[in-house]
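Below: one structure, written as structure tokens.
Sequence lines set the chain letters: A, B, ... in the order given, protein chains first and strands last, and positions in each chain run from 1.
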Protein chains: 2
Amino acid sequence: MKVTRADVARLAGVSSATVSNVLNENNKVKEETAVRVRAAIKELDYRPDMIARSMVMKKTMQIGIVLENISNPFFGDIVRGFESAANEKGYFVNICTGFNKLDDYFDNFIIRRLDGVFVTAIPYKFKIDKLYHLVDKGIKVIVSGNVGADFRKVSSIENNHIEAMHIAMQYLYDLGHRDIAYLSGLGRNLPYDLRSIGYREMVEKLNLPCKDSLLFDGKFPYSTDMMDGFHYANELLDSGRKFTAVICVNDLMALGAMKALKARGLRIPEDVSVMGFDGISYGQYWEPTLTSMSMDKIQFGKKAFELLYTNMSRGSTGYFQNDLELVEGQSTAKCR
Amino acid sequence: MKVTRADVARLAGVSSATVSNVLNENNKVKEETAVRVRAAIKELDYRPDMIARSMVMKKTMQIGIVLENISNPFFGDIVRGFESAANEKGYFVNICTGFNKLDDYFDNFIIRRLDGVFVTAIPYKFKIDKLYHLVDKGIKVIVSGNVGADFRKVSSIENNHIEAMHIAMQYLYDLGHRDIAYLSGLGRNLPYDLRSIGYREMVEKLNLPCKDSLLFDGKFPYSTDMMDGFHYANELLDSGRKFTAVICVNDLMALGAMKALKARGLRIPEDVSVMGFDGISYGQYWEPTLTSMSMDKIQFGKKAFELLYTNMSRGSTGYFQNDLELVEGQSTAKCR
DNA sequence: GTGAAAGCGCTAACAT
DNA sequence: ATGTTAGCGCTTTCAC
């Protein structure tokens, strides 16, 4: 049988309300009685039931975090930062990772009355209306990767990928590269593909001869894993277009791309320079080590929770923009 | 205001019990009334509240999955398989990943009344008593990686890592290797380090000259990530001991180890053969591709859920042993 | 076939 | 300072 508050109350010779007051530490209870109650709690190994509590409090102290690829260590780190910050505030985190059916989670969030949700996934994976619907149902939301969101409804934390791409391009340009390919994985047709925007801005600004012939769009379902990098690099190679540097949408793709380039006998960085985004640690164990636009992912996760927490407790949405930093590896070098 | 069953009942001109009967499809309701009820549900955009339902049903339809390193794609795949199987049965999965404080989750599982838990983590990360305590509280448990568990209390799904290690050793032996190092990450002092057991059995059986001088134990907190492989490989190199092959506890460590070996000018596989366990896809993008004792991780996750499901619905624990298969890459070759 | 009512374990007025 | 009680939204007998 389940031990309830009533059992504790009976054993301690008090009412269940008194037990509540002891547990919720609003020191309304005389120390003498509190001691008796605590003893009873211990004796019965009683634990308050969160379900019943959620029922009346209208708070579940549960947060969902939705992401596409749990195996990408980039997200792994973000999750860690987010979760540890959430745990500190007493929240329990649901990690939801479904490669394609993210929408289904949203319905679940509603019927399970989550307090908040952190969605870090590219927007085509879900319907934005579904997201707003969460908000209508009283669930606070923070998004990342979704530039088009209505900031009055949801909080937002974004990486400044446009600026980061500018830095990357300028860096390669300064090394003498002119034929810089970009393997997007996403695509210029997707409005939230900020790196593509930054890329094209720099092609323009630096007056690169390739125009946008070296921008390789991704294809549905816009997967950006290692194997995709391998695939898109081969596409680049097969195109026969001239290039001396390759930027990839993320490190995972960059690592896969390097594999493809090497397989065709190209040396990195002697023949071709390669860069990624994210700064995942695996990049440092590759051969050669990967140059990347890097960031503090744990911190990013923490910050995301903070914004969500503010939203949950004060009801106000917020916005944060995160800057990336160039970390040089051995995968880039002067253009010969 | 929240839409409740009562609202629907009122609009449809029936009682809330009838609404329940419609929703739970126990066709006790005349089709004519059911139609009216469904119309009311749609009109009000009503959704049953899982919290209230959990309250009375004493089932939350929530399952926790506890793992140590979310970023290891090995676990990522297992989670995917597990989660998709769980979702099909209507369960919502909580992924819990904390590098060290796994115990805390267990308390949470109790007060949140999860129906079941899948723990795939090495046992020293949590107290086994805490695990049994879950069972006492009515939460069904399946473990993986914990050979010592009481099978009457918890279900279990294990990889046959002893056998797999035998296969790996025999394979290297047949290639002519005699000085085969094993970077355990865990350690022979940990009873659940099955690979170490298998290793020592084969050293004995094949009468390898190295005895166990080439078995490198891990150190607390027994992390087995890429950087650990790098670290332990350096330890091996620094020991000055002769070796022609290296087996690592998992692929991630093997990839890190390759980095260290190459950094000292050793060629793989010409100078040294390297093998891992798990068969993660990243291994196929490395240079050279990794030979590994591989397995179907998605299937493993599915199977884990099935066992848990049986446990939850019929109350009977179960056991499954999974076999690994040698997948050759370019990281192993004949010993010169 | 449908409705009334009790109860799941808790919190939060409101009484005492 | 402590107890009583009315819900929270649902399921489930048990009547009708």
Side-chain angles (χ1 to χ4, degrees), chain A residues 1-41 44-62 90 108 110-115 137-138, chain B residues 1-38 40-41 44-62 90 108 110-115 137-139:
Chain A
M1 241 346 269
K2 187 167 174 78
V3 181
T4 75
R5 231 167 196 63
D7 299 321
V8 176
R10 203 172 307 121
L11 180 62
V14 298
S15 78
S16 75
T18 302
V19 179
S20 275
N21 283 329
V22 171
L23 281 159
N24 301 333
E25 296 185 346
N26 38 18
N27 64 339
K28 284 179 175 171
V29 182
K30 214 187 341 180
E31 184 54 25
E32 194 181 310
T33 357
V35 168
R36 268 201 345 269
V37 171
R38 277 192 281 267
I41 288 174
L44 298 173
D45 188 30
Y46 165 77
R47 322 197 180 198
D49 184 321
M50 281 293 284
I51 303 289
R53 168 176 256 222
S54 299
M55 186 87 207
V56 29
M57 299 273 277
K58 293 170 179 334
K59 293 216 308 177
T60 53
M61 298 301 282
Q62 267 193 268
N108 243 310
I110 294 173
I111 66 176
R112 289 176 188 279
R113 289 207 228 161
L114 296 212
D115 294 339
K137 292 290 183 181
Chain B
M1 241 347 269
K2 188 169 173 75
V3 180
T4 75
R5 231 165 195 64
D7 299 321
V8 176
R10 202 172 307 121
L11 180 60
V14 297
S15 79
S16 76
T18 302
V19 180
S20 276
N21 285 328
V22 172
L23 280 159
N24 301 333
E25 296 185 346
N26 37 17
N27 64 338
K28 284 179 178 174
V29 182
K30 212 182 347 177
E31 183 54 27
E32 192 182 311
T33 0
V35 168
R36 265 195 355 261
V37 170
R38 277 193 281 267
I41 288 173
L44 297 173
D45 188 29
Y46 165 76
R47 321 193 182 201
D49 184 321
M50 281 294 285
I51 302 290
R53 167 176 256 220
S54 300
M55 185 89 205
V56 29
M57 300 273 276
K58 291 166 179 336
K59 292 216 309 177
T60 52
M61 297 301 282
Q62 267 194 270
N108 243 310
I110 293 173
I111 66 175
R112 289 176 189 278
R113 290 207 227 161
L114 296 212
D115 294 339
K137 292 289 184 182
I139 299 175

May I ask you to decide whether A:Arg36 forms a salt bridge with A:Glu31, counting only side-chain N to carboxylate O separations under 4.0 Å? no
Would one find a side-chain N or O of B:Arg5 under 4.0 angstrom from OP1 or OP2 of D:dG9? no
Residue A:Lys30, side-chain atoms from C-beta onward, closest of D:dA1, C:dG3, C:dG9: D:dA1
Mapping B:Ala34 and B:Arg113 to their closest nucleotides on DNA chain C, which lands nearer the 5' end? B:Ala34
Value in whole Å for how far the P atom of D:dT13 lies from CG of B:Asn21: 11 Å
Treating A:Ser16 as the side-chain partner and A:Ala9 as the backbone partner, does any N or O pair qualify as donor plus acceptor under 3.5 Å? no
In whole angstroms, how far is the C1' atom of C:dT2 from the CD atom of B:Glu32? 13 Å
Options D:dG9, C:dC10, D:dA1, nucleotide nearest the side-chain atoms of A:Tyr46: C:dC10
A:Glu31 has an atom CD; how far is it from atom P of D:dT2, in whole Å? 11 Å
Expressed as a whole number of angstroms, how long is the span from B:Asp49:CG to C:dC8:P? 18 Å
Closer than 3.5 angstrom, by distance alone: can the side chain of A:Ser54 be matched with the main-chain N or O of A:Met50 as a donor-acceptor pair? yes
Can you tell me how far C1' of D:dG9 sits from CD1 of A:Ile51, to the nearest Å? 13 Å
A:Lys59 NZ to C:dG9 P: how many Å, rounded? 23 Å
With a cut-off of less than 4.0 Å, is there a side-chain N or O of B:Ser20 near OP1 or OP2 of D:dT11? yes
Among C:dC10, C:dA4, C:dC8, which is the nearest nucleotide to the side chain of B:Ala17? C:dA4
Is there a side-chain polar atom (N or O) of B:Asn24 under 4.0 Å from OP1 or OP2 of D:dT11? yes
For a quick check of understanding: with a heavy-atom distance under 4.0 Å over all strands, which category does B:Thr33 fall into, base, sugar-phosphate or nothing? sugar-phosphate
Please determine, for the side chain of A:Met57, which listed nucleotide (C:dT11, D:dT11, C:dG9) has the closest atom? C:dT11
With the threshold set at 4.0 Å, does a side-chain nitrogen-carboxylate oxygen contact exist between B:Asp45 and A:Lys137? yes
CZ of B:Arg36 versus C1' of C:dG1: gap in Å, rounded? 12 Å
Nearest nucleotide by nearest heavy atom, which residue falls closer to the 5' end of DNA chain D, A:Val14 or B:Met50? A:Val14
Report yes if a side-chain nitrogen or oxygen of A:Thr4 is closer than 4.0 Å to either non-bridging phosphate oxygen (OP1 or OP2) of C:dG9; otherwise report no. no
Compare side-chain N and O positions of A:Ser16 against OP1 and OP2 of C:dG9 and report whether any pair is under 4.0 Å apart. no
Please tell me which of the listed nucleotides, C:dG7, C:dT2, C:dC10, lies nearest to the side chain of B:Val56? C:dG7
Please give, in whole Å, the distance from D:dT11 P to B:Met61 CE? 13 Å
So, B:Arg5 and B:Asp7, do they make that salt bridge, N to O below 4.0 Å? no
Do B:Lys2 and B:Asp49 meet the salt-bridge criterion of a basic N to acidic O distance under 4.0 Å? yes
Under 4.0 Å between a side-chain N or O of B:Lys58 and OP1 or OP2 of C:dG9? yes
What does A:Thr18 touch in the nucleic acid at a heavy-atom separation under 4.0 angstrom: a base, only the sugar-phosphate, or nothing? sugar-phosphate
Residue mapping more 5' on DNA chain C - nearest nucleotide basis, A:Ala52 or B:Gly13: B:Gly13
